[in-house]
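Okay, structure first, notes after.
Every value quoted in this text rests on a predicted model; they were computed, and no experiment measured them.
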Amino acid sequence: MRPSKTASNRERDCALPELPEAETIARDLDRAVAGATIVGVDVRLRRIVVASPGKNFAKAFIGERIASVARRGKYVVLNLGSGLRVVTGLRMTGRLLVRHTEEAEPPGAHVVLRLEDGRALCFADVRTLGRMRLVERGEAWDEALGAEPLDAGFTVESFIGMLAGRTTPVKVLLLDQRRIAGIGNIYACEALWKAGIRPSRPSRALTKPAARRLHCAVVEVLTRAIELRGSSIDDYVDAGGRKGGFQNVLAVYGRRGRPCPRCARPIVRTVLAQRGTWWCRSCQR
DNA sequence: CCGTTGCCCTGCCAGC
DNA sequence: TGCTGGCAGGGCAACG
């Protein structure tokens with residue numbers, strides 16, 4: 001499904017794995033590989049992997065058991081038995097795929113974790129912008145990341161606090177991982193549409209009711225997207241190679257010229273902070 | 001602390 | 001038809 005291809009071929013909306021896609025991958029991987037032991041690590045493209053100085057990524061966690069797989073923001077985190085962690089940022093086109101025994105490796109598998117049972121966990125990424133980072137036991141790797149939008153700590157009050165006094169366009173604030181972790185271009189556009197708020201509106205100009213609507217919309221959009229196992233627009237697939245379903249219910253993202261589902265006027269595309277922004281001029285104010 | 005800019009990287013597409 | 005250049009964009013470093 002490539003919804004925008006009809007409107008203009010210049011608009012190539014990318015997949016961008018965001019919170020719902022990372023959550024889907026982490027849940028699937030937790031079911032599939034938690035408890036498995038890593039017997040070998042192949043690093044085919046060195047710049048993909050990051051480890052602390054003096055540490056060899058490829059050797060550091062051979063023999064480790066994968067205790068669990070979790071998510072933080074847009075990152076997928078392998079928690080290893082010893083307390084080490086492998087933190088994967090998928091960026092634009094990164095994929096984490098379970099390759100079953102005897103199955104061919106996915107194309108562009110830059111890092112392969114071979115498991116004791118013959119399967120492998122592969123990191124593939126055509127654009128090679130993604131990274132796999134080895135994090136030491138107890139190392140605070142996520143200090144720069146903001147609130148988890150689906151945790152109880154992300155309250156309306158805390159959100160109003162983020163908006164207060166800032167001239168930054170509200171969409172730019174939603175995308176700022178230091179404040180809220182996990183929202184990317186797709187879900188920022190969708191949440192703003194749902195709340196009826198113009199993406200360029202200065203954060204501090206939101207009324208309290210508008211802030212409440214947007215807070216609610218962020219939570220609802222992310223929750224629904226997880227239920228539908230993410231959005232597959234160009235590249236995203238889950239750990240089993242399957243597509244998500246949220247691309248079928250997008251209201252605005254990648255839909256320039258198509259009717260707004262609320263008022264039927266055409267969706268427009270503008271650029272805000274160097275990013276494509278889809279919205280309805282009529283019902284987002 | 002805050003906001004802005006440029007860079008990374010490759011596939012796709014417009015234009016010649 | 002085949003080549004070239006611009007664009008896409010999340011995270012990060014560097015800068016003011």
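A cation-pi geometry, defined here as NZ or CZ lying under 6.0 Å from the six-membered ring centre and within 45° of its normal, holds between A/R262 and A/W193.
Phosphate contact (OP1/OP2 of B/dC8, side-chain N/O of A/R127, threshold under 4.0 Å): absent. OP1 and OP2 of C/dC12 both lie 4.0 Å or more from every side-chain N or O belonging to A/R133. Contact between the side-chain N/O atoms of A/Q177 and the OP1/OP2 oxygens of C/dG11 is found at a separation under 4.0 Å.
Taking atom CZ of residue A/R91 and atom C1' of nucleotide C/dA8, one finds them 14 Å apart after rounding to whole Å. Protein atom CG of A/D125 is 13 Å distant from nucleotide atom C1' of C/dG9, rounded to whole Å.
A donor-acceptor contact closer than 3.5 angstrom links the side chains of A/T128 and A/R47. Inspection of the A/K171 and A/S200 side chains reveals no N or O donor paired with an N or O acceptor under 3.5 Å.
Atom CZ of A/R265 sits in a sparse spot, with 12 or fewer heavy atoms from other residues, nucleotides or ligands closer than 6.0 Å.
Rounded to 10°, the angle separating the first-five-pair axis and the last-five-pair axis of the helix from B/dC2-C/dG16 to B/dC16-C/dG2 equals 40°.
Contact detail for A/G254 and A/W278: the closest heavy-atom pair is N-CD2, 3.3 Å.
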Can you give me the N/O atom pairs linking the protein to nucleotides 3-7 of chain B at distances under 3.5 Å, or say none if there are none?
from: B/dG3; atom 1: OP1; to: A/T168; atom 2: OG1; distance (Å): 3.1

